[in-house]
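Every chain is numbered from 1 and lettered A, B, ... according to where its sequence line falls, protein lines coming before strand lines. FYI, side chains are in, hydrogens and waters are out, and symmetry mates aren't considered; it's all heavy atoms of this structure.
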Amino acid sequence: MSKAEILKFKEQVNLASKTTTTITSDFVQYKHMDFLNDDIETSGNLAFKAPGMVKWEYTKPYQYSVIFKENELLINDGGTKSNVDIGSSKMFKKLNELIINSVKGNMFDEVEFNISYFKTDKAYKAVFVTKDKKMSKFIASFELLFNIKDGAVKEVKMIEPSSDFTQIVFSNRVLNSTLSDAVFTN
Amino acid sequence: MEGLSATSVSNLEIVNPYFSNPASDYIYKAKIDIYGRYFGGILIIKKVGDNSHRVVFTTEFGSKIFDFLYEGNTFTKNFMLEDLDKKIIVNTLQKDFKILVSEKVDVERQYRSQKHWVYKMKADNRFNFYFVEKTNNSLERIVNTSKTREKVEILFTSEVNNVAQKIFINHSNMNLTIDLNYFKTE
């Protein structure tokens with residue numbers, strides 16, 4: 001993408017984010033590992049409320065949810081409730097920050113990432129390569145796909161150094177519906 | 001062991017069928033409780049060669065926590081999350097999953113109880129006792145012991161042939177349980 005196109009794309013995402021107070025969406029997650037016959041497919045829904053509350057809820061094939069709220073991570077693993085260990089989910093926390101920031105429009109953090117931009121027929125693609133050495137040991141890059149029409153995130157891909165990856169595809173996205181804070185309690 | 005009477009050895013070799021099909025991805029929802037600290041995740045076991053198994057544990061979001069490879073008696077730690085990369089953790093997990101994926105084992109002694117044929121075999125400087133239910137011939141339990149003490153117990157629940165729907169691993173000498181529930185993603 002040219003410099004002008006990148007600027008325009010960033011503006012579009014910024015504009016979309018300023019007017020977004022809540023998001024609900026379905027998602028399907030594909031975990032790809034080269035040695036498996038099939039990707040591991042899990043699915044559920046996502047709720048976001050500005051400025052920074054997120055709930056990820058898997059409903060198939062098991063019940064599992066995580067709520068990101070300020071500095072808290074609340075998990076409910078099929079009825080077993082606990083605070084998630086940040087150590088084992090640091091990458092996801094980063095990903096989550098990325099998604100929140102993409103909604104808020106300040107995701108393009110050149111201090112933390114080397115970012116490159118691409119345009120296809122249907123989507124803009126931004127590729128984030130972390131500058132953090134510890135993180136780069138288990139994550140080679142993040143890829144975010146955006147709708148060309150409205151600048152909404154439609155797909156997230158986390159690629160490991162081994163080239164195994166986790167892909168999350170969003171669908172049925174609803175903006176600015178009323179979302180009670182009670183959604184974000186465990 | 002109590003309640004066991006020695007018999008002559010009728011099977012020189014017994015087979016753990018639960019991870020024996022190279023065409024299957026064995027995928028489990030895992031709950032690990034270690035000294036009151038709780039981790040959820042997904043455990044993937046796959047037979048990748050005649051005598052080799054891959055054992056990978058990821059978070060629900062797909063990020064890898066560990067990745068082990070067993071080739072005969074050779075163990076390779078492909079990956080371990082830095083925060084958990086401690087000798088005692090790696091050794092314990094390595095040994096547990098070694099018992100789980102050992103497919104063919106040589107019988108040293110044989111016993112019977114009311115419900116089970118019990119096969120004893122040497123495993124390094126310990127012993128494994130395989131409890132095979134007499135009527136349906138299914139492997140229900142493996143007990144790992146030192147010369148004098150029970151160390152690890154693995155319970156299998158198998159309703160469909162050769163797939164362990166539930167696996168429960170319990171340590172007697174440390175506060176560690178691993179609870180596995182099989183799921184199909186198709």
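To the nearest 0.5 angstrom, B:Asp25 atom CG is 5.5 Å from A:Asp38 atom CG. Put simply, OG on B:Ser63 and CD1 on A:Ile139 are 8.0 Å apart, with the number rounded to the nearest 0.5 Å. Put simply, OH on B:Tyr38 and NZ on A:Lys81 are 13.0 Å apart, with the number rounded to the nearest 0.5 Å.
Applying the 6.0 Å contact sphere to CG of B:Asn73 captures no more than 12 heavy atoms from other residues, nucleotides or ligands. Heavy-atom contacts from other residues, nucleotides or ligands closer than 6.0 Å to CG of B:Asp124 number 12 or fewer. The 12-atom threshold is not exceeded at NZ of A:Lys133, counting heavy atoms of other residues, nucleotides or ligands nearer than 6.0 Å. For B:Asn136, the CG atom is densely surrounded, since the number of other residues' heavy atoms within 6.0 Å is greater than 12. More than 12 non-hydrogen atoms from other residues, nucleotides or ligands lie less than 6.0 angstrom from NZ of B:Lys134. Residue B:Glu13 places its CD atom among more than 12 non-hydrogen atoms of other residues, nucleotides or ligands, all under 6.0 Å distant. The neighbour count for B:Arg109 CZ, taken as heavy atoms of other residues, nucleotides or ligands under 6.0 Å away, does not exceed 12.
Counting only heavy atoms from C-beta outward, the side chains of A:Glu160 and B:Phe79 never approach each other to under 4.5 Å. Contact check for A:Asp77 versus B:Lys29: side-chain heavy atoms found under the 4.5 Å cut-off. In this structure, A:Ile75 and B:Phe39 have side chains that are not in contact, with every pair of non-hydrogen atoms separated by 4.5 Å or more. Between B:Ile42 and A:Lys31 there is no side-chain heavy-atom pair separated by less than 4.5 Å. Contact annotation: the side chain of A:Leu36 approaches that of B:Lys46 to within less than 4.5 Å [non-hydrogen atoms, C-beta and beyond].
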Test side-chain hydrogen bond (donor to acceptor under 3.5 Å, both in side chains) applied to A:Tyr62 and B:Asn181, step by step: CA-CA 10 Å; A:Tyr62 48 74; B:Asn181 280 284; over 6 Å; no

Do A:Met33 and B:Lys64 pass the side-chain contact (heavy atoms from CB on, under 4.5 Å) test, and can you show the C-alpha distance, the side-chain angles, and the key distance before you say yes or no? CA-CA 10 Å; A:Met33 285 185 270; B:Lys64 262 178 206 158; 3.9 Å; yes

Using side-chain contact (heavy atoms from CB on, under 4.5 Å), reason through A:Phe35 and B:Asp67 one step at a time and then give a plain yes or no. CA-CA 12 Å; A:Phe35 74 100; B:Asp67 180 348; 5.7 Å; no

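When the side chains of ILVMFWY residues are joined at heavy-atom separations under 4.5 Å, either directly or via intervening members, B:Ile99 and B:Val107 end up in a single hydrophobic cluster. A:Phe27 and B:Phe183 fall within a single hydrophobic cluster, where Ile, Leu, Val, Met, Phe, Trp and Tyr are joined by side-chain heavy atoms under 4.5 Å apart, directly or via other members.
Between A:Tyr58 and B:Phe61, the ring centre distance stays below 6.0 Å.
At a 4.5 Å heavy-atom cutoff, A:Ser43 makes no contact with chain B through either its backbone or its side chain.
Judged by distance alone, the side chain of B:Glu82 and the main-chain N or O of A:Lys137 form no donor-acceptor pair under 3.5 Å.
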